[in-house]
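Since the model is a prediction, treat every value here as computed from it, not as a measurement.
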Amino acid sequence: MLDKSFDPTAIEERWYQRWESAGYFRQQADKTPAYCIQLPPPNVTGTLHMGHAFQQTLMDALIRYHRMRGFNTNWVVGTDHAGIATQIVVERQLEEKGTSRHDLGREKFVERVWQWKQQSGSTITRQMRRLGASANWTYADTEGQKSGYFTMDAHMSRAVVEVFVRLYEEGLIYRGKRLVNWDPVLGTAVSDLEVDTEEEDGRIWELRYPGEDFSLTVATTRPETMLGDVAVAVHPQDARYRDLIGKKVQLPLTGRTIPVIADEYVDPQFGTGCVKITPGHDFNDYQVGRRHNLDPISVFTLDARVNDHAPAKYRGLERFEARKQVLADLTAQGLLVAEKPYKLRVPRSGRTGVIVEPMLTDQWFVAMETLARPALHASKTGELKFYPEHWTTTYDQWLENIQDWCISRQLWWGHQIPAWYDDAGNCYVARSEEELKKKHPGKKLRRDPDVLDTWFSSALVPFSSLGWPEKTKDQEVFLPSSVLVTGFDIIFFWVARMVMMSLHFTGKLPFRDVYINAIVRDAEGEKMSKSKGNTLDPLDLIDGIAFDALLKKSTVGLLKADHRQKVEGYIKAHFANGIPAFGTDALRFTFASLASFSRTLNFDLNRCEGYRNFCNKLWNATRFVLMNTEGKDCAQDESRPVKLSFIDRWIISRLQRVEAEVAQGFADYRFDNLAGAIYRFVWDEYCDWYVELAKLQLQDPDEAVQRGTRRTLVRTLETSLRLAHPLIPFITEELWQKVAPLAGKRVNATGDTIMLQPYPKSQPERIDEAAERDMALLKEWTVATRNLRAESKLPPGERLPLYATAQPPVSDPRLMLAALKALARLEEIRHVAQLPDSPAPVAVVGEARLMLYKEVDPAAEAERISKEIARVTGEIAKSKAKLANSSFVERAPKPVVEQERQRLAAAAELLQKLQDQLKKLRGDK
RNA sequence: GGGUGCUUAGCUCAGCGGUAGAGCGUCGCCCUUACAAGGCGAAUGUCGUAGGUUCGACCCCUACAGCACCCACCA
């Protein structure tokens with residue numbers, strides 16, 4: 001016997017273990033068709049957050065669904081070395097110990113990061129297991145840790161080198177001194193995508209540069225960069241300055257003179273129409289400088305201090321110190337014309353938040369244009385499909401305006417670039433140093449110290465995880481993968497680049513569909529952030545957490561007092577009693593239910609509670625079924641006669657419809673629809689109606705009816721469990737084990753799990769419209785009668801007779817009335833030609849009028865009827881107006897007009913009855 | 001400057017050319033032997049604003065407003 005309510009923790013522990021150790025998650029050789037999903041590899045040292053949990057729930061649902069449908073499923077998982085992020089973490093650890101990576105040296109430092117990876121690397125994969133992820137952990141698992149590939153393991157690294165070398169050989173990778181976004185804190189270049197520009201309140205200054213018999217005023221938001229100015233630019237057509245083009249001005253503070261140049265880039269309408277040109281520290285100016293053959297002057301060191309190209313006075317000053325000094329000196333010389341408040345866009349490094357400095361450095365780039373073209377083609381032709389579709393635009397537009405990709409990072413943790421230099425500075429790219437030494441014996445070679453952007457290796461995952469560069473069978477089977485489930489924030493970082501790389505190196509798409517999932521927000525739609533305290537840990541929703549523990553956990557590591565206070569406030573307001581344990585299934589069902597095509601997902605704890613209750617409902621329904629079927633004849637062998645009533649046939653029919661709805665939901669990636677369909681079927685149809693009616697049928701003296709009921713109870717439940725399994729794997733497995741034998745499922749060695757059972761498939765031939773019509777009537781009569789009951793304010797337990805002026809037009813009126821009597825808790829049902837002469841409320845159902853005979857309060861009843869009359873009168877007016885409109889009657893489709901006529905007729909009839917009642921009521925007084 | 005999405009019940013969201021739906025919340029009544037994590041019932045909306053198309057618009061079109069996000073080199 002099942003416990004009275006379900007305890008998720010116990011169930012979940014039991015099943016995951018068994019599934020994994022039985023090897024159910026693995027792909028199967030020679031089974032077709034294939035279904036493959038590539039997990040966006042999480043940071044190896046990271047922890048699971050709501051976004052992961054959401055994504056992974058959807059992926060696992062898809063994988064389980066297809067596995068049950070007989071696909072050869074392969075959920076390829078792995079972890080990402082996350083270059084910058086991981087290096088930062090370890091550097092912080094060192095900092096706490098009062099040391100630094102520079103003290104350690106590169107080799108020791110990298111060793112240290114590996115240690116940290118080994119130590120914390122399993123956290124996130126352990127958490128994924130708690131979610132029930134049926135991932136192929138042992139696939140591409142070269143390190144033997146059952147967490148898939150690692151982007152820096154030997155195999156994945158080999159693919160990285162191979163791709164780098166090939167692209168270099170094809171001329172698609174080049175090295176050059178370019179202006180790049182530089183993070184002066186990390187001391188590395190970052191790509192355009194890793195820079196976030198936000199509008200901030202700042203200032204703009206106007207500086208005067210004196211010429212011989214004139215002076216020019218330039219505007220700047222970064223006065224310190226004037227130390228590196230090489231020109232002042234004006235628009236060639238600008239009448240104010242046309243005569244000055246080619247003349248020189250003095251660059252204050254530096255003793256240099258610079259030319260006045262003409263360039264279309266200048267907008268004469270903006271500011272003074274004169275622009276200072278600093279090619280060494282501004283992307284626009286860099287282009288201008290190139291056009292005019294002006295060499296850039298770098299005035300900052302790599303940690304953003306003024307360098308030796310500036311006058312001695314400023315050397316060594318940090319950039320913002322230098323700004324103050326420059327401004328002070330310009331003021332002293334009377335060259336500062338104005339200082340105004342100004343809204344400016346400040347580029348900040350996504351990782352550190354520090355203001356990025358455009359810096360002229362040697363970097364490696366991938367030339368993107370030739371790679372982008374086929375990727376664009378794929379989306380244009382529809383070979384690559386986005387869900388929701390509108391993300392295609394985002395993808396297309398980025399590819400249409402693609403820029404070369406700066407792939408080198410001045411970090412230590414990552415794939416070191418396979419390039420070497422000889423003493424003369426010549427560059428050699430090779431697969432290994434050995435290969436190079438063979439080619440160039442005796443040469444002294446020094447390896448490029450830079451590593452590759454983390455996204456470089458991520459871009460290869462769809463094929464490198466399948467064994468590339470070797471030719472493997474898996475690439476034939478699992479490439480392209482079926483769908484990529486990921487967030488819109490990495491469409492550029494990752495999705496587009498995977499498409500480009502896969503097409504280029506394998507000729508195949510990395511995936512056919514891209515499902516862009518919503519961003520998880522808190523219940524109010526606010527971004528989840530540690531400093532607000534509104535983050536949720538998926539594990540806390542699964543296991544529950546007490547208020548104190550939650551508070552402590554949320555405030556740990558928050559240094560600022562006002563942050564702490566804010567977080568405390570939030571937690572007190574939202575989680576005064578902590579968070580109850582909802583269990584994995586409830587959490588998963590919540591995610592699925594909220595996964596519509598909208599851009600954000602506001603995670604509501606109450607929703608989660610509701611779905612926990614749903615799990616409990618399913619549990620208890622099973623309890624009921626088991627109590628009534630275990631040890632009894634459930635007619636599985638069909639040896640004895642079985643009778644199925646319209647009620648049995650109705651639930652079977654409904655089941656076919658839900659199965660179809662669920663299939664449609666999966667096909668459309670509308671997880672909300674399919675979760676809703678399952679929810680409504682289990683709760684609103686099976687539990688609320690079928691189980692209640694089964695209670696009646698189980699008391700039928702005819703054993704064939706009992707057998708039919710038991711069989712339907714069991715089979716419908718067993719099917720529902722399979723239907724729901726992709727969303728709520730644990731509870732369905734637990735219950736299925738008990739229910740399946742009663743449903744005649746032979747549990748054998750390989751199929752000893754719901755996971756590998758066939759997924760329910762809608763059988764249209766079992767849709768029974770007649771039974772559905774009968775059931776609709778039964779429901780209608782029942783609801784109407786229950787309404788009468790509620791309106792009569794009957795004391796509990798009191799049963800009244802129901803007077804009805806007609807029989808329900810169903811195939812089996814006897815059963816129908818018995819059911820009505822039970823469901824509406826009636827004393828009996830009397831058929832009469834005329835309702836009793838009573839002011840008691842009357843319900844109209846089809847042809848029949850129903851009354852629960854009872855003395856009523858005439859005043860209250862009169863009021864109720866008057867209200868009803870008002871409503872019906874309104875409806876009649878609307879209908880009449882419509883039908884009076886000749887163009888409606890002539891031009892609307894016939895059935896619509898007919899429907900309107902019937903509506904009017906029914907309403908008129910109802911109105912007459914209500915008016916009679918009201919008259920009677922008033923007359924009685 | 002370009003682009004995208006959103007605006008529907010108190011809250012969070014579905015929906016759709018033919019008289020508005022769900023979950024949660026609210027309000028009654030009920031511990032009816034699967035489930036109080038439950039049952040039965042009820043209330044609640046000029047579907048952002050203004051036009052247009054249509055016999056008919058929450059839905060299609062146009063403009064506007066508000067919110068959010070993405071991309072972009074204006075000093």
Fill in the blank from the handout: Letter by letter from the 5' end, nucleotides 69-75 of chain B scores (B base, S sugar-phosphate only, - none; protein heavy atoms under 4.0 Å) BSSBBBB
Measure the distance from [atom1] on [X] to [atom2] on [N] and round it to the nearest whole Å.
X        : N      : atom1 : atom2 : result
A:Asn602 : B:rU7  : CG    : P     : 12 Å
A:Phe589 : B:rA22 : CZ    : C1'   : 13 Å
A:Lys880 : B:rC55 : NZ    : P     : 25 Å
A:Asp604 : B:rG25 : CG    : C1'   : 10 Å
A:Phe582 : B:rG23 : CZ    : C1'   : 14 Å
A:Arg789 : B:rG39 : CZ    : P     : 18 Å
A:Gln397 : B:rG2  : CD    : C1'   : 8 Å

Exercise for the section: Report the C-alpha separation of A:Arg222 and A:Glu224 in whole Å, then their side-chain angles, then the decisive distance to 0.1 Å, and conclude whether the salt bridge (charged side-chain N to carboxylate O under 4.0 Å, His left out) test is met. Expected result: CA-CA 6 Å; A:Arg222 303 202 49 204; A:Glu224 68 279 11; 3.2 Å; yes
Could you measure between the two [atom1] atoms, the one in [N] and the one in [M], and give it in whole Å?
N      : M      : atom1 : answer
B:rU54 : B:rA37 : C1'   : 50 Å
B:rA42 : B:rG51 : C1'   : 39 Å
B:rU32 : B:rU26 : P     : 22 Å
B:rG21 : B:rC64 : P     : 34 Å
B:rG3  : B:rG17 : C1'   : 29 Å
B:rA68 : B:rU8  : P     : 15 Å
B:rC6  : B:rC74 : P     : 28 Å
B:rG56 : B:rG18 : C1'   : 7 Å

Exercise for the section: Mind running side chain to side chain contact (heavy atoms under 4.5 Å, CB included) on A:Arg786 and A:Leu823 for me, showing each step along the way? Expected result: CA-CA 8 Å; A:Arg786 280 172 175 169; A:Leu823 292 175; 4.0 Å; yes
Exercise for the section: Quick one: pull up CG in A:Asp285 and CZ in A:Phe283 and give me the separation to the nearest 0.5 Å. Expected result: 11.0 Å
side-chain hydrogen bond (donor to acceptor under 3.5 Å, both in side chains) against [X], all qualifying residues, sequence neighbours excluded:
X        : value
A:Lys527 : none
A:Glu199 : A:Arg345
A:Tyr611 : A:Ser593, A:Arg607

Exercise for the section: Walk me through it: do A:Tyr515 and A:Tyr387 pass the test ring pair (Phe, Tyr, Trp, His ring centres under 6.0 Å)? Expected result: CA-CA 5 Å; A:Tyr515 174 87; A:Tyr387 296 84; 7.7 Å; no
Fill in the blank from the handout: Exactly one candidate in A:Leu251, A:Thr220, A:Val218 meets side chain to side chain contact (heavy atoms under 4.5 Å, CB included) with A:Met226; the answer is A:Leu251
Handout entry: Donor-acceptor contact present, side-chain A:Asp668 to main-chain A:Arg670, <3.5 Å
Key = no
Practice task
Give a yes or no on whether the backbone of A:Val299 and the side-chain of A:His281 come within a donor-acceptor separation of less than 3.5 Å.
Solution key: yes
Exercise for the section: Validate the cation-pi geometry between A:Lys617 and A:Tyr686: distance from NZ or CZ to the six-membered ring centre under 6.0 Å, angle to the ring axis within 45°. Expected result: no
Show me the side-chain donor-acceptor pairs of residues 578-587 of chain A shorter than 3.5 Å, one per line, residues at least two apart or across chains.
| residue | atom | partner | partner atom | Å |
| --- | --- | --- | --- | --- |
| A:Thr584 | OG1 | A:Glu12 | OE1 | 3.0 |
| A:Thr584 | OG1 | A:Arg130 | O | 2.9 |
| A:Asp585 | OD1 | A:Phe730 | N | 3.2 |
| A:Asp585 | OD2 | A:Ile731 | N | 2.7 |

Practice task
Remember a base hit wins even if backbone is also touched, and classify A:Ser598 as base, sugar-phosphate or nothing at under 4.0 Å, heavy atoms.
Solution key: sugar-phosphate
Handout entry: Pair listing, salt bridge (charged side-chain N to carboxylate O under 4.0 Å, His left out) test, anchored in residues 270-283 of chain A, at least two apart
Key = A:Asp229-A:Lys276
What nitrogen or oxygen pairs link the protein and nucleotides 41-45 of chain B at under 3.5 Å?
| residue | atom | partner | partner atom | Å |
| --- | --- | --- | --- | --- |
| B:rG41 | O3' | A:Asn787 | OD1 | 2.9 |
| B:rA42 | OP1 | A:Asn787 | OD1 | 3.2 |
| B:rA42 | OP1 | A:Asn787 | ND2 | 3.4 |

Practice task
Please state whether the rings of A:Trp683 and A:Phe614 are parallel, tilted or perpendicular, taking 30° and 60° as the class boundaries.
Solution key: parallel
Exercise for the section: Dot-bracket for RNA chain B, please, read 5' to 3', with Watson-Crick or G-U wobble pairs under 3.5 Å on both distances, ( ) within the strand, [ ] crossing, | other strand, . unpaired. Expected result: (((((((..((((....[..)))).(((((.......))))).....(((((..]....))))))))))))....
Exercise for the section: With sequence neighbours excluded, tell me which residues meet ring-ring contact (aromatic ring centres under 6.0 Å, His included) with A:Trp205. Expected result: none
Extract all donor-acceptor atom pairs below 3.5 Å that involve side chains of residues 882-895 of chain A and protein atoms in other chains or at least two apart in sequence.
| residue | atom | partner | partner atom | Å |
| --- | --- | --- | --- | --- |
| A:Asn885 | OD1 | A:Ser887 | N | 3.1 |
| A:Asn885 | OD1 | A:Ser887 | OG | 2.8 |

Practice task
Before giving the answer on salt bridge (charged side-chain N to carboxylate O under 4.0 Å, His left out), spell out for A:Arg291 and A:Glu264 the whole-Å C-alpha distance, their side-chain angles and the decisive distance to 0.1 Å.
Solution key: CA-CA 11 Å; A:Arg291 284 199 283 275; A:Glu264 301 271 346; over 6 Å; no
Which atom pairs link the protein and nucleotides 15-19 of chain B when you take only N or O atoms and keep those under 3.5 Å?
| residue | atom | partner | partner atom | Å |
| --- | --- | --- | --- | --- |
| B:rG15 | OP1 | A:Arg670 | NH1 | 3.0 |
| B:rG15 | OP1 | A:Arg670 | NH2 | 3.3 |
| B:rU19 | OP2 | A:Arg903 | NH1 | 3.4 |
| B:rU19 | OP2 | A:Arg903 | NH2 | 3.0 |
| B:rU19 | O2 | A:Lys878 | NZ | 3.3 |
| B:rU19 | O4 | A:Glu875 | OE1 | 3.2 |

Can you tabulate the close N/O pairs, meaning under 3.5 Å, that link protein atoms to atoms of nucleotides 33-36 of chain B?
| residue | atom | partner | partner atom | Å |
| --- | --- | --- | --- | --- |
| B:rA34 | OP1 | A:Lys695 | NZ | 3.4 |
| B:rA34 | O3' | A:Arg623 | NH2 | 3.3 |
| B:rA34 | O2' | A:Asn620 | OD1 | 2.7 |
| B:rA34 | O2' | A:Arg623 | NE | 3.1 |
| B:rA34 | N7 | A:Lys695 | NZ | 3.4 |
| B:rA34 | N6 | A:Cys687 | O | 3.3 |
| B:rA34 | N6 | A:Glu692 | OE2 | 3.1 |
| B:rA34 | N3 | A:Asn620 | O | 3.2 |
| B:rA34 | N3 | A:Ala621 | N | 3.2 |
| B:rC35 | O4' | A:Asn620 | OD1 | 3.0 |
| B:rC35 | O4' | A:Asn620 | ND2 | 3.4 |
| B:rC35 | O2' | A:Asn616 | ND2 | 3.3 |
| B:rC35 | O2 | A:Lys617 | NZ | 3.0 |
| B:rC35 | N3 | A:Lys617 | NZ | 2.8 |

Fill in the blank from the handout: Between A:Phe614 and A:Ser596, the residue closer to the 5' end of RNA chain B by nearest nucleotide is A:Ser596
